[in-house]
Structures are given as structure tokens and as C-alpha cells.
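Since the structure comes first, as C-alpha cells, the remarks are kept for the end.
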Amino acid sequence: MTTPKQRVTVLGSTGSIGVNTLDVLARHPHRFSVFALSGHSRIDLLFSQCLAHQPQFAVATDPLAATELQSRLAAAGSRTRVLLGHEALDEAAAHPEVDMVMAAIVGAAGLSSCIAAARAGKRLLLANKEALVVGGSYFMDAVRAGNATLLPIDSEHSAIFQSLPTDRALWPSVVDKIILTASGGPFRTRDPATLAEVTPEQACAHPNWSMGRKISVDSATMMNKALEVIEAKFLFGLDPSRIEVIIHPQSVVHSMVQFVDHSVVAQLGVPDMRGPIAYGLSWPQRIESGTGVLNFSEMAGLTFETFDSPGHQARFPGLCLAWDALAGAPGTTALLNAANEIAVAAFLDARIRFDQIHAVNQATLEGFTFSSPASLQEILALDEEARAHAHHLVRRLAR
Ligand code: NAD
Ligand code: MG
């Protein structure tokens, strides 16, 4: 008897993670089929992905893009149906014929479709860390209520998941701490006094990873690691004091778990997101991923640096906002994410300086009052209000 193919929806298929996911899926045509794809812009790419993978649905969240995609697919004789708008993302995520959803949209725009997949009990492969930072325990409750399987795709969290015992019930009693590694990004050794001069191109030139522009800027400010600390807290249910960050410039050790007996288990690999993507798709089995192999004989060395030097504290002031936000009322992590999305977009548009990203994030955390959200609508409303507040701060700085 042949095993039925797993049907996969890839949300954000035109992005860096989306493209890598389709690369892994294409290596295993007997194991997976693509059910739906989604893209916001880059319609040329979405069009060619539809021709190559022949999904039942393609969601175009931008109305102009949807019309263009529809007419091009019709002219090419494709049977892929085009759906329009953000509600269609929820449909593509929760559709009864879908087995797995790759959540690879960037930012809070992906939250609603993640919740839809969670409630529908899917295997949810989470790259879209902002969705978990915004949704927090509401997100995790939806995973439990829907009996969904949530698997991390972020390389650090995949590494931690691979290092932890299979039996989740053991985690609270056996784990002493988790240690997230951070490459330090493009400015690890830069004089902090010169950060005001950083251009978007410099900030997006990551030394080890090729990624979308938003996460590249987050890696340069280290806000990516702050979001990952928050992501780890919700995924693994550990007290924030048990989460540590260490700089590891080579990005070979993807993260580690220290147990109560002080034994440390780490996961290593080349820096290529197809590794964690293949693991999420095949767990608990393993499949070929397309990544290279680690060559230990050519490795010059693996080095580690702590954050507590004055240089790193001046370079990466945003990292500690993770613990500040986790200590705040439920919803505070959503504020931090909203501020950061607005600040990064403003920096990429050259409206504020690189160092002002932190100023916007900190001022939003300190100056915005709210009541904790209890529903998806309230979370999305809080996200909107916090964005408006951050926009206001950006306008003041941009004057
Ligand atoms: P990207 O910018 O390359 O792609 C983002 C995708 O989201 C695109 O398909 C885009 O069309 C879509 N999108 C953007 N705005 C949207 C909106 N408003 N509504 C609907 N769709 C929208 O980003 P990426 O680098 O692939 O990252 C995707 C997610 O994965 C992010 O949350 C990022 O933090 C996370 N992640 C990425 C990497 C990486 O190596 N790129 C590693 C770990 C985690
Ligand atoms: Mg990561």
C-alpha cells in the first residue's frame, strides 16, 4: 500500500522561506503535493510557482496582483484558482484537504492564518515568528484547542526542539536553560558610535544567511534575537530567566539546551534554512534537504562571545527589550512587535536612522497604555493602535 501524499499550503511562498520550502518539497514529489500558495507582491514569481507546482489555489493578498495573476494563469491554461485577500489566507490554511501549513508570511499579517491552521488541527510549520510574538498565549491556546502540531522552523528553535527529549512532559523538570545562538549580524564588531550612519543596504548584508529584508534588519539590530527569545518562551513554556543568548559568529551551532545535570546538547549544521524546513516537513522522520554537509576538517574554529561587554550593550540595546516585554502585561510583546515592524519599514524607506529603530521600540514599550487583549479581534486591534502610536513617533523623529 502506498502512503498518501501530504498536502501542503505554503503561505508567503514568494519569500525567502517560501522559496526554500518549495525547493525541499520539489525534492520529494512522491511524498508531498502543494495544495495552495500565497504571495503579496512578486506576481511573476507566484505565477511561475503555480505553473511548476500546480496548486489548487493561489492566494494573492494584493487586489491588483490577484487580477493580473488570474488572467495570466487563465492564458497559460492553468487550473489553479486565484483567491483574493487576507480572509483567503485563513481558508487556504484551514481547508479540510490540507495536512500541513508552512507559515512563512513576514510580520503580524500572518497571525490570523496561523490561528486558522491551529484551530483546524493542522501540522503548523512556524517560520513567521512575529505571529507568535503577537499572539502569545492566545496562539498557544489555539494550538492546544485545535490539537494542532506546532513545529518551529526558525533555525534556533528547530535546534532546541531537536535537542529536547521527545516527551514534552519532561521539559520543565529536565531543562536548566536554553541557549540561543546569534551570529551578531553585519555589525558585530562595528564601532557603536557610527551606527547612525548605517544604510539599508549595509543592514541587509548578513554575513551568513540570505533572508528577506525585514528579518535582515532585525538581525542587524539584534531585535531578531529579541523576538526569538519571546518565541522560545511561548514555544517551550520556560520562564524567561531560563533563556540565554550567546554570540556565535560562524552560525554552525544553531542553539543548545543545558540540562539540570549541566550536560549540554547542541544541534549543528550549515547555515541553510532548508535544514529546519525539511525537519519540520518530515518530523519525526528525516528526509534529504539539499543543504551541504559540515566539513569539520576545514572549520577554522567555533567561537562564542557573551553580550555583557559594554560594546555589545551599546551595539545591541534592543535585545533586553525581550525580557522587558515578557515581564509586562499580556499583550506587551505585541506592542514591541508592532513598534519594530513600523520602525524597520521606516528605516528601509530612509525616513529614520538605523539607531532610531531602538528609540521607537523603547518609546512604544514605555509610553503606550493598553488593556490586555482576550480575543483575536482584540489582539489585532491592539496591534493597529500600537502601529499608529509608533507611526506618530516615526513622524516626530523624521522631522
Ligand atoms: P520575505 O520578505 O522574503 O517573504 C515574506 C513573504 O510574506 C512573501 O511571500 C510576501 O509576499 C509575504 N507578505 C509580505 N507582506 C504580506 C502581507 N501584508 N500579507 C500577506 N503576505 C505578505 O521574508 P522571509 O525572510 O521569507 O521571512 C518570512 C518569515 O520567516 C518571517 O517571519 C521571518 O522572521 C521568518 N524567518 C525567516 C528566516 C530566513 O532565513 N529568511 C529564518 C528564520 C525565520
Ligand atoms: Mg532564527
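Computed from a predicted structure; not experimentally measured. Numbering of ligands and ligand atoms starts at 1, following listing order.
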Inset, instruction - Heavy-atom distances under 4.0 Å are what count here, so tell me which part of H86 touches ligand 1: side chain, backbone, both or neither. - result: side chain

Legend entry - Residue and atom name of the nearest protein heavy atom (relative to atom 43 (C) of ligand 1), distance in Å to one decimal: D154 OD1, 3.0 Å

Inset, instruction - Quick one: report the N, O or S atom of E156 that is nearest to the Mg ion (ligand 2). - result: OE1

Legend entry - Min N/O separation S16 to ligand 1 under 3.5 Å: yes

Legend entry - Identified side chain to side chain donor-acceptor pair (under 3.5 Å) counterpart of K129 within the set D218, D154, N337: D154

Inset, instruction - Using distance alone, determine whether A109 and ligand 1 share an N or O pair under 3.5 Å. - result: no

Legend entry - Whether S38 side chain and G12 backbone form a donor-acceptor pair below 3.5 Å: yes

Legend entry - L235: which of I160, L132, I230, V143 passes side chain to side chain contact (heavy atoms under 4.5 Å, CB included): L132

Inset, instruction - Might you work through the side chain to side chain donor-acceptor pair (under 3.5 Å) test for T9 and H95, ending with a clear yes or no? - result: CA-CA 9 Å; T9 283; H95 195 286; over 6 Å; no

Inset, instruction - Check ligand 1 against T14 and write out every atom of the ligand that is under 4.0 Å from a heavy-atom position of the residue. - result: 8 (C), 9 (O), 10 (C), 11 (O)

Legend entry - side chain to side chain contact (heavy atoms under 4.5 Å, CB included) assessment of S112 paired with H86: CA-CA 8 Å; S112 174; H86 282 86; over 6 Å; no

Inset, instruction - Using a 4.0 Å heavy-atom cut-off, say whether N128 meets ligand 1 through its side chain, its backbone, both or neither. - result: both

Inset, instruction - Run the contact test for K214 against ligand 1 with a 4.0 Å cut-off on heavy atoms, strictly below, and give the result. - result: no

Inset, instruction - Classify the angle between the aromatic ring planes of F370 and F368 as parallel (below 30°), tilted (30 to 60°) or perpendicular (above 60°). - result: parallel

Legend entry - Shortest protein heavy-atom distance from atom 32 (O) of ligand 1, along with the residue and atom involved: E130 OE1, 2.6 Å

Inset, instruction - Could you tell me the separation between the CG atom of L281 and the CD atom of Q285, rounded to the nearest 0.5 Å? - result: 12.0 Å

Inset, instruction - Could you say whether the N/O atoms of G39 and ligand 1 ever approach to under 3.5 Å? - result: no

Inset, instruction - Spell out, as yes or no, whether a donor-acceptor pair under 3.5 Å connects the side chain of H248 to the backbone of V252. - result: yes

Inset, instruction - Examine ligand 1 and decide if any of its atoms is less than 4.0 Å from a heavy atom belonging to G18. - result: no

Inset, instruction - Please report which non-hydrogen protein atom sits nearest to atom 29 (C) of ligand 1, along with the residue it belongs to and the distance in Å to one decimal place. - result: I105 O, 3.6 Å

Legend entry - Polar side-chain atom of H391 near backbone of I342 as donor-acceptor pair, under 3.5 Å: no

Inset, instruction - Ignoring hydrogens and angles, tell me if any N or O in the side chain of N20 forms a donor-acceptor pair with the backbone of S16 under 3.5 Å. - result: yes

Legend entry - Identity and distance of the protein heavy atom lying nearest atom 11 (O) of ligand 1: H40 N, 2.9 Å

Inset, instruction - Starting from atom 4 (O) of ligand 1, find the nearest protein heavy-atom neighbour and note its residue, name and distance. - result: G15 CA, 3.1 Å

Legend entry - For atom 6 (C) of ligand 1, the option (of S158, A104, A103, A127) bearing the nearest heavy atom: A104

Inset, instruction - Identify, for atom 2 (O) of ligand 1, the protein heavy atom at the shortest distance, and state residue, atom and that distance. - result: G212 CA, 4.0 Å

Legend entry - Of V34, L45, T80, the residue whose pairing with C50 passes side chain to side chain contact (heavy atoms under 4.5 Å, CB included): T80

Inset, instruction - Mark yes or no for whether E288, through its side chain, and R27, through its backbone, hold a donor-acceptor pair below 3.5 Å. - result: no

Inset, instruction - Just let me know how R42 lines up against ligand 1, side chain, backbone, both or neither, with a heavy-atom cut-off below 4.0 Å. - result: neither

Inset, instruction - Measure from the side-chain N and O atoms of Q202 to the backbone N and O of T199, and report whether any donor-acceptor pair falls under 3.5 Å. - result: yes

Inset, instruction - Have a look at D154 and say which of its N, O or S atoms is nearest the Mg ion (ligand 2). - result: OD1

Inset, instruction - For atom 5 (C) of ligand 1, grab the closest protein heavy atom and report residue, atom and distance to one decimal in Å. - result: V106 CG1, 3.7 Å

Inset, instruction - Starting from the Mg ion (ligand 2), look over the N/O/S atoms of E228 and name the nearest one. - result: OE2

Legend entry - Under-4.0 Å heavy-atom contact with ligand 1, by part of M273 that carries it: side chain

Inset, instruction - Could you verify whether a donor N or O on one side chain and an acceptor N or O on the other, from S251 and N208, lie under 3.5 Å apart? - result: yes

Legend entry - Distance from atom 33 (C) of ligand 1 to nearest protein heavy atom, with residue and atom: I215 CD1, 3.9 Å

Inset, instruction - Select one of side chain, backbone, both or neither to describe which atoms of I17 lie under 4.0 Å from any atom of ligand 1, heavy atoms only. - result: both

